[in-house]
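One structure, pasted below without further comment.
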Amino acid sequence: MIPKEFKNTYKLQQELNQLLEQEEIAILKTENPELANQLEANESIKETYLSQPERQFKKQIKDSFSKEYKEQNNIKEYFLGCSHAIYTDTYDSRLKAFKSNYTDAKEHNFIYDELERLTHFEPPSYIDSKLLKSISYSIESNKDFLIGKLENLGFTVTFSKNDDGLETLIMKTNHKDLSIQKTVNSTLKWEAEITHLVELGMALISSKSVNIGKGNSKLSENKFYELLGGFFNIEKLYHEKLKRDIRNRVKDDTVFIPLLDEALKKDIQNWLK
């Protein structure tokens with residue numbers, strides 16, 4: 001998720017998404033023309049970006065994100081993930097704007113919205129690691145600030161985090177009981193190559209281990225990969241492109257499946273010892 005205030009970074013991310021979607025559609029046109037025609041976007045991607053590979057786009061996004069993060073902090077403008085000083089300085093003005101936009105809204109409504117956004121905010125994983133850590137510290141400080149505000153309003157606030165990092169925030173008064181919980185998939189990260197995940201998906205489909213196909217009780221292949229990617233917090237799993245890459249392999253038909261087989265056998269052998 002890119003803060004909307006990072007205009008150039010957001011634009012680059014959108015263009016990367018469009019580029020990958022265009023590649024998806026190009027592949028689908030050869031494998032499933034009817035579906036490709038249904039999915040094809042109305043707006044074409046800018047020609048200047050068509051030849052740039054995904055890796056170059058991600059480098060541009062990383063550099064742009066760092067630059068705009070510094071710029072926004074320097075001018076002391078609010079953005080999602082901003083420093084604690086900026087967050088507290090802009091709190092009252094943003095609360096006033098919120099109440100102006102929503103008739104009968106109370107301060108606890110604003111705080112709830114803010115906490116929900118902070119809880120679910122995750123910048124792209126390919127952003128600078130030190131910057132990601134800095135943003136995470138800012139988010140924690142801003143959450144603590146908001147929890148203090150809620151307690152001053154008469155709410156009893158309980159915050160917990162389980163062993164997997166799943167957060168639950170419960171806010172209670174005599175009249176209200178609110179809670180925010182991170183979805184389970186937000187704590188799971190796919191640590192291997194993204195291509196490996198698609199290879200696993202292809203194996204599950206080919207072996208008929210999942211209900212992919214026609215009929216009310218079966219998933220479409222696109223929906224399956226959407227769910228598979230979402231389970232590991234991958235915003236968009238461009239499976240058609242990666243499936244093509246897997247099928248075009250020269251040296252090995254599969255790479256990840258043998259690794260799984262070897263790792264499992266080793267684990268079983270170690271357990272038996």
Practice task
Hey, could you give me the CG/OG1 distance between Leu242 and Thr195, rounded to the nearest 0.5 Å?
Solution key: 4.5 Å
Problem - Test side-chain contact (heavy atoms from CB on, under 4.5 Å) applied to His196 and Trp190, step by step - result: CA-CA 10 Å; His196 291 354; Trp190 182 258; 4.1 Å; yes
Exercise for the section: Output yes when a side-chain donor or acceptor of Ser134 lies under 3.5 Å from a complementary backbone atom of Leu131, and no otherwise. Expected result: no
Quiz: residues 144-154 side-chain donor-acceptor pairs under 3.5 angstrom, not counting sequence neighbours:
residue: Asn152; atom: ND2; partner: Gly148; partner atom: O; Å: 3.3

Practice task
Go through the steps for Asp128 and Asp63 under the test side-chain contact (heavy atoms from CB on, under 4.5 Å), then give the verdict.
Solution key: CA-CA 8 Å; Asp128 181 76; Asp63 295 342; over 6 Å; no
Problem - Minimum side-chain heavy-atom gap Phe121-Ile135 below 4.5 Å - result: yes
Exercise for the section: Would you check, one step at a time, whether the test side-chain contact (heavy atoms from CB on, under 4.5 Å) holds for Leu228 with Leu200? Expected result: CA-CA 10 Å; Leu228 183 63; Leu200 177 62; 5.5 Å; no
Handout entry: Sidechain-backbone polar pair: Ser64 side chain, Gln60 backbone, donor-acceptor under 3.5 Å
Key = no
Practice task
Starting at NE2 of His239, measure out to CG of Leu197 and round the result to the nearest 0.5 Å.
Solution key: 11.5 Å
Exercise for the section: Examine Ile212 and Leu204 and state if one hydrophobic cluster contains both, with Ile, Leu, Val, Met, Phe, Trp and Tyr joined whenever side-chain heavy atoms are less than 4.5 Å apart. Expected result: yes
Practice task
Could you tell me whether the side chain of Ile246 reaches within less than 4.5 Å of the side chain of Val255, counting heavy atoms only?
Solution key: no
Handout entry: Gap between atom CG of Asn109 and atom CG of Leu95 - 0.5 Å precision
Key = 10.0 Å
Exercise for the section: State plainly whether one hydrophobic cluster holds both Leu237 and Leu227, where clusters connect Ile, Leu, Val, Met, Phe, Trp and Tyr through side-chain heavy atoms under 4.5 angstrom apart. Expected result: yes
Practice task
Using a strict cut-off of less than 4.0 Å between a Lys/Arg side-chain nitrogen and an Asp/Glu carboxylate oxygen, indicate whether Asp261 and Lys265 qualify as a salt bridge.
Solution key: yes
Practice task
Go through the steps to decide whether Lys243 and Glu221 satisfy the test side-chain contact (heavy atoms from CB on, under 4.5 Å), and finish with yes or no.
Solution key: CA-CA 12 Å; Lys243 278 166 58 181; Glu221 185 173 322; 2.4 Å; yes
Exercise for the section: In plain terms, say whether Glu199 and Arg247 are close enough for a salt bridge, that is, a side-chain N and a carboxylate O under 4.0 Å apart. Expected result: no
Would you mind writing out the side-chain donor-acceptor pairs for residues 78-90 within the sub-3.5 Å range, not counting sequence neighbours?
residue: Tyr78; atom: OH; partner: Arg117; partner atom: NH1; Å: 3.1
residue: Ser83; atom: OG; partner: Ile86; partner atom: N; Å: 3.4
residue: His84; atom: ND1; partner: Asn142; partner atom: OD1; Å: 2.9
residue: Tyr87; atom: OH; partner: Glu114; partner atom: OE1; Å: 2.6
residue: Thr88; atom: OG1; partner: His84; partner atom: O; Å: 3.1
residue: Thr88; atom: OG1; partner: Ala85; partner atom: O; Å: 3.0
residue: Thr90; atom: OG1; partner: Ile86; partner atom: O; Å: 2.9
residue: Thr90; atom: OG1; partner: Tyr87; partner atom: O; Å: 3.3
residue: Thr90; atom: OG1; partner: Arg94; partner atom: NE; Å: 3.3

Handout entry: Ile257 CD1 to Met202 CE distance, which is reported to the nearest 0.5 Å
Key = 10.0 Å
Exercise for the section: Could you note down all residue pairs passing salt bridge (Lys or Arg N to Asp or Glu O under 4.0 Å) where residues 65-77 supplies at least one of them, sequence neighbours left out? Expected result: none
Exercise for the section: Answer yes if the ring centres of Phe110 and Tyr91 are under 6.0 angstrom apart, and no otherwise. Expected result: yes
Fill in the blank from the handout: Hits for ring pair (Phe, Tyr, Trp, His ring centres under 6.0 Å) against Phe224, two or more places apart or cross-chain, chain-then-number order -> none
Fill in the blank from the handout: d(Lys59 NZ, Lys62 NZ) to nearest 0.5 Å is 8.0 Å
Completion exercise
The side chain to side chain contact (heavy atoms under 4.5 Å, CB included) partners of Thr156 (sequence neighbours excluded) come to none
Handout entry: Within 6.0 Å of CD in Glu107, more than 12 heavy atoms from elsewhere
Key = yes
Practice task
Could you list who else is in Trp271's hydrophobic cluster, with ILVMFWY side chains joined at under 4.5 Å, directly or through other members?
Solution key: Leu264, Ile268, Leu272
Handout entry: Exercise: identify the closest heavy-atom pair between Gly201 and Tyr225
Key = C-OH, 3.6 Å
Handout entry: Pairwise distance NE2(His108) to CG(Asp113) - rounded to 0.5 angstrom
Key = 10.0 Å
Fill in the blank from the handout: Looking only at heavy atoms, the pair that brings Phe65 and Pro123 closest together is CZ-CB, 4.3 Å
